[in-house]
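The structure appears below as structure tokens.
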Amino acid sequence: MVIGQSARSLAMWHAKSNFSHKIAYRKKQDHVLVTTGIYAYMRHPSYFGFYWWAIGTQLLLCNPICLAGFFFVLHRFFKDRIEEEEPLLINFFGKEYIEYKKKTPTHIPLIN
């Protein structure tokens with residue numbers, strides 16, 4: 001839980017005005033691709049953080065039924081969200097994002 005919350009908080013802090021809880025469908029004039037800080041080690045660190053924080057809550061509670069449910073629901077949610085968001089990022093940033101995506105994993109199981 002601590003690792004997840006730390007990653008999510010660092011992602012929001014480091015991205016600053018480039019961070020939003022909503023998917024951006026249009027590129028703002030001041031929107032830049034953040035590839036430093038925690039973003040140098042993982043794509044979508046905020047998603048990583050929420051995923052592992054939520055999984056951690058169920059491990060802490062020793063709740064195997066909800067743990068299985070969380071794995072399924074969170075995986076599906078973040079897989080769908082990343083699949084919707086990344087074509088937009090490619091559209092916004094072109095080859096720069098494609099190269100970033102190639103070398104930077106998400107660290108969310110089964111999502112690359």
Side-chain angles (χ1 to χ4, degrees):
M1 288 173 47
V2 172
I3 290 170
Q5 184 60 53
S6 297
R8 187 164 171 79
S9 296
L10 275 170
M12 290 188 272
W13 178 81
H14 195 76
K16 296 185 179 24
S17 66
N18 292 289
F19 183 87
S20 174
H21 289 90
K22 296 180 181 179
I23 292 176
Y25 292 95
R26 282 183 260 145
K27 183 180 180 206
K28 294 179 183 175
Q29 192 171 19
D30 63 343
H31 195 173
V32 296
L33 179 60
V34 179
T35 60
T36 59
I38 194 167
Y39 290 86
Y41 304 100
M42 66 181 72
R43 286 188 344 269
H44 309 292
S46 177
Y47 301 165
F48 164 90
F50 187 91
Y51 181 90
W52 289 110
W53 173 86
I55 295 300
T57 63
Q58 298 314 300
L59 289 170
L60 182 67
L61 295 170
C62 300
N63 191 339
I65 294 170
C66 286
L67 177 63
F70 272 45
F71 269 121
F72 176 78
V73 170
L74 289 169
H75 179 269
R76 186 169 184 174
F77 174 80
F78 286 118
K79 183 178 183 305
D80 289 350
R81 187 170 174 106
I82 288 169
E83 286 176 354
E84 181 177 349
E85 187 174 14
E86 287 197 326
L88 296 166
L89 293 168
I90 290 168
N91 187 44
F92 295 167
F93 302 110
K95 290 180 183 179
E96 185 181 9
Y97 189 80
I98 292 169
E99 289 303 312
Y100 173 70
K101 181 180 175 183
K102 282 181 190 175
K103 68 178 183 175
T104 315
T106 65
H107 295 293
I108 299 172
L110 305 174
I111 298 176
N112 197 12

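Residue R81 comes nearest to Y47 through the heavy atom pair NE-OH, 2.7 Å, listed as atom of the first residue, atom of the second, then distance. When all heavy atoms of K101 and N112 are compared, the closest pair comes out as CE-O, 4.1 Å. Shown here for F92 and A24, the closest heavy-atom pair between the two residues is CZ-O, 3.4 Å. Heavy-atom minimum distance, A11 versus Y39: O-OH, 3.1 Å. Nearest heavy-atom pair, G49 versus A7, reported as atom, atom and distance to 0.1 Å: CA-CB, 4.2 Å. G37 approaches H14 most closely through the heavy-atom pair N-NE2, 3.5 Å.
Side-chain atoms of Y97 do not come within 3.5 Å of backbone N or O of E86 as any donor-acceptor pair. No donor-acceptor pair under 3.5 Å is formed between the side chain of H107 and the backbone N or O of M42. At distances below 3.5 Å, at least one donor-acceptor pair connects side-chain atoms of R43 with backbone N or O atoms of T104. Using modelled atom types, one side-chain atom of K16 and one backbone atom of W13 make a donor-acceptor pair closer than 3.5 Å. In terms of modelled atom types and a separation under 3.5 Å, the side chain of N18 and the main chain of V32 share a donor-acceptor contact. T106 places a side-chain N or O within donor-acceptor distance of the main-chain N or O of I111, the cut-off being under 3.5 Å. Judged by distance alone, with hydrogens and angles left aside, the side-chain atoms of Y51 form no donor-acceptor pair with the main-chain N or O of P109 at under 3.5 Å.
Heavy atoms of other residues, nucleotides or ligands lying less than 6.0 angstrom from CG of L61 number more than 12.
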task = Might you work through the ring-ring contact (aromatic ring centres under 6.0 Å, His included) test for H31 and F93, ending with a clear yes or no?
result = CA-CA 10 Å; H31 195 173; F93 302 110; 5.3 Å; yes
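Between S46 atom OG and F78 atom CZ the span is 7.0 Å, to the nearest 0.5 Å. Interatomic distance, K27 NZ to N91 CG, rounded to the nearest 0.5 Å: 9.5 Å. Between atom NZ of residue K79 and atom CD1 of residue I108 there is a gap of 12.0 Å, rounded to the nearest 0.5 Å. Rounded to the nearest 0.5 Å, atoms CD1 (I38) and CZ (R8) are 11.5 Å apart. Separation of atoms CD1 (I90) and OH (Y100) is listed at 13.0 Å; rounding is to 0.5 Å. One finds the CD1 atom of I3 at 10.0 Å from the CH2 atom of W52 (value rounded to the nearest 0.5 Å).
No path of Ile, Leu, Val, Met, Phe, Trp and Tyr side chains, each step under 4.5 Å between heavy atoms, connects V73 with I55, placing them in separate hydrophobic clusters. Hydrophobic clustering (ILVMFWY, side-chain heavy atoms < 4.5 Å, transitive): L10 and Y41 are in distinct clusters.
Ring centers of F70 and H75: at least 6.0 Å apart, outside the cut-off.
A salt bridge between K95 and E99 is absent, with no side-chain N of the basic residue lying under 4.0 Å from a carboxylate O of the acidic one.
Between F19 and H21, the angle of the ring planes goes over 60°, which puts this pair in the perpendicular group of the 30/60° scheme.
Looking only at side-chain heavy atoms (C-beta outward), I65 and N63 come within less than 4.5 Å of each other.
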